[in-house]
2 protein chains.
Amino acid sequence: MREGPDIARIASLVGDPARANMLTALMGGTALTASELALEAGVSLPTASSHLSKLMEGGLLTLASQGRHRYYGLAGPQVAGMIEAITGVAASVGPQRVRPGPRDAAMRVARVCYDHLAGEQAVAMLDRLVDKKVLIRDDNEIRLGQSAASHFAALGIDVQSKARRPVCRACLDWSVRRSHLAGTLGAAILDKILLEKWARREKDSRAVIFSPLGKQAFERTFLA
Amino acid sequence: MREGPDIARIASLVGDPARANMLTALMGGTALTASELALEAGVSLPTASSHLSKLMEGGLLTLASQGRHRYYGLAGPQVAGMIEAITGVAASVGPQRVRPGPRDAAMRVARVCYDHLAGEQAVAMLDRLVDKKVLIRDDNEIRLGQSAASHFAALGIDVQSKARRPVCRACLDWSVRRSHLAGTLGAAILDKILLEKWARREKDSRAVIFSPLGKQAFERTFLA
DNA sequence: AGAATGCTTCGATGAAGGACGAACTATGCG
DNA sequence: CGCATAGTTCGTCCTTCATCGAAGCATTCT
């Protein structure tokens, strides 16, 4: 027998389809109620409740009670990173699903992935930042370029990471099979997009909808 | 229902204790036979064989047949990264196991983790490289410092990553709850240690045993 | 207080899959 | 060729656990 952390326990929590769907839904970044997660997972409310208590016990979720609503969210970036890693493997080895990407066009263009932007817009943005050498990509790794600090400071974004997570990281975009920007920088950029009201989050969805002017501003800022 | 990669399929493969033990064993980096893996997992040979075919079908393993021996190995760095991510979550949220680290003293000091060095020596090395600002650590992220290229070039190690994986990455060391260096740089350093014969790999184990002179050389090189 | 909503617990059911022994195939060795 | 070793396949047993309906709490609204 082996020692060490009980990885089978954690993996089997993710290994149930209903729970996997819930966790994937929570990658949207916003905490959801038990009913919403039941709907996402396609199971009854009691079943969902049972799964949620298991995920809680496993330490994968946090719970915020607000009156009679109980909001479940991912326990932290480390958990989100694990889901990402598993998703990456599943996307690369998995038997390609029939539908190559999200059915919803808006989701394909731009959506939230835990705390950063994903979708075609996000992929284009990362490509452009790499072209401009603001960021440097070594395949799966992303580093800050020389001009990164000043470039982002001009947008009011501090690239110094104080949190215990990477500044920038590549996150595989399963809808287009390309990478987009995750990490604190990815999160900060999404914050800015929403703060400047360039885009809004679709209610009850991970889709991010750009306004006409917001789209222009975004493209001027990140795709120019 | 949701679309996207079938993450539950992959996670459930890792979610079985026997398979998890096999995968953990393969993090040692060397390919193992079905019998060895059966022993590691603590199951009978038929059971192990069944698990192995499932892991193969899931694309998590590669198989190299040599005569009547069949060597199973992890399918690639992406799979290893996923196991690492799950292990990290399990280590941080898991109910602390009774034994805080490997029972074997040699394993605690230095062992192989997929393709790089882990254990107390590896943790000390990373700490020292960060102290000397050869590497820069932002908690979980590790970047090359200004002097990294020249520092490692002097050791015959090229820090330019051409492979599709990060040059350096933090890998949580479950035996001491601290990080050590993974990525291509971590792999290159382990290569050098073995090439210079500073240490040898214990047969049928992940332990790395330093010779007296090798230990001196290693400490002079990386801990000075 | 009474009703409605949101969620959890309980109990029963059923299906999935992990376990091993025995038999079978394949490679290597003398 | 015959025996030993390495590994897979098959059949069967058995545990585990996902599922849902019904009932039980808790919170809020009127």
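Letters A, B, ... mirror the listed sequences (proteins, then strands); counts begin at 1.
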Query raised in the report: Which of these nucleotides, D/dT9, D/dA6, C/dT9, is closest to any side-chain atom of A/Ser49?
Result: C/dT9
Report task. May I have the distance from A/Leu13 (atom CG) to D/dC17 (atom C1'), rounded to whole angstrom? Result -> 13 Å
Query - Any A/Tyr71 side-chain nitrogen or oxygen under 4.0 Å from OP1 or OP2 of C/dG6 - result: no
**Report entry** Per-nucleotide protein contact string for nucleotides 18-30 of chain D, where B marks a base within reach and S marks sugar-phosphate only (heavy atoms under 4.0 Å, - for neither)
**Finding:** SSBBB----BS--
Query raised in the report: Whole-Å distance between C/dG28 C1' and B/Arg70 CZ?
Result: 16 Å
Report task. Mind telling me whether A/Phe218 and A/Phe222 have parallel, tilted or perpendicular rings, with 30° and 60° as the class edges? Result -> tilted
Query raised in the report: Considering residues at least two apart in sequence or located in another chain, which fulfil the side-chain hydrogen bond (donor to acceptor under 3.5 Å, both in side chains) criterion with A/Ser49?
Result: none
Identify every side-chain donor-acceptor pair in residues 186-196 of chain B under 3.5 Å, counting partners at least two apart or on other chains, and give the distances.
from, atom 1, to, atom 2, distance (Å)
B/Lys192, NZ, B/Leu155, O, 3.2
B/Lys192, NZ, B/Glu196, OE2, 3.0

Requested in this report: Please determine if a side-chain N or O atom of B/Tyr72 lies less than 4.0 Å away from the OP1 or OP2 oxygen of D/dA6.
Outcome: no
Query - Residues that B/Glu219 engages under side-chain hydrogen bond (donor to acceptor under 3.5 Å, both in side chains), provided they are two or more places apart - result: B/Lys215
Report task. Find the distance A/Leu61:CG to C/dT8:P and express it as a whole number of Å. Result -> 11 Å
Query - Approximate separation, where rounding is to 0.5 Å, of B/Met82 CE and B/Leu23 CG - result: 7.0 Å
Query raised in the report: Roughly, in whole Å, what's the span from CG in B/Leu39 to P in D/dA6?
Result: 13 Å
Report task. Could you check whether B/Ser53 gets within reach of a base, just the sugar-phosphate, or nothing at all, counting any heavy atom under 4.0 Å? Result -> nothing
**Report entry** B/His69 NE2 to C/dT27 P, straight-line distance once rounded to whole Å
**Finding:** 13 Å
Query raised in the report: How would DNA chain D look in dot-bracket form, 5' to 3', counting Watson-Crick and G-U wobble pairs with both distances under 3.5 Å and writing | for bases paired to another strand?
Result: ||||||||||||||||||||||||||||||
Query raised in the report: side chain to side chain contact (heavy atoms under 4.5 Å, CB included) with A/Lys54: which residues, sequence neighbours excluded?
Result: A/Leu13, A/Arg19, A/Ser50
**Report entry** Interatomic distance, B/Leu63 CG vs C/dA26 P [rounded to whole Å]
**Finding:** 16 Å
Query raised in the report: Can you check the B/Leu52 CG to C/dA19 P distance for me, whole Å?
Result: 12 Å
Query raised in the report: B/Met56 has an atom CE; how far is it from atom C1' of D/dT9, in whole Å?
Result: 17 Å
Query raised in the report: Partners of A/Thr33 by side-chain hydrogen bond (donor to acceptor under 3.5 Å, both in side chains), sequence neighbours excluded?
Result: A/Glu36
Report task. Using side chain to side chain contact (heavy atoms under 4.5 Å, CB included) as the criterion, list what pairs up with A/Ala110, not counting sequence neighbours. Result -> A/Leu117, A/Gln121, A/Val208, A/Phe210
Query raised in the report: What residues form a side-chain hydrogen bond (donor to acceptor under 3.5 Å, both in side chains) with B/Ser44, not counting sequence neighbours?
Result: B/Thr47
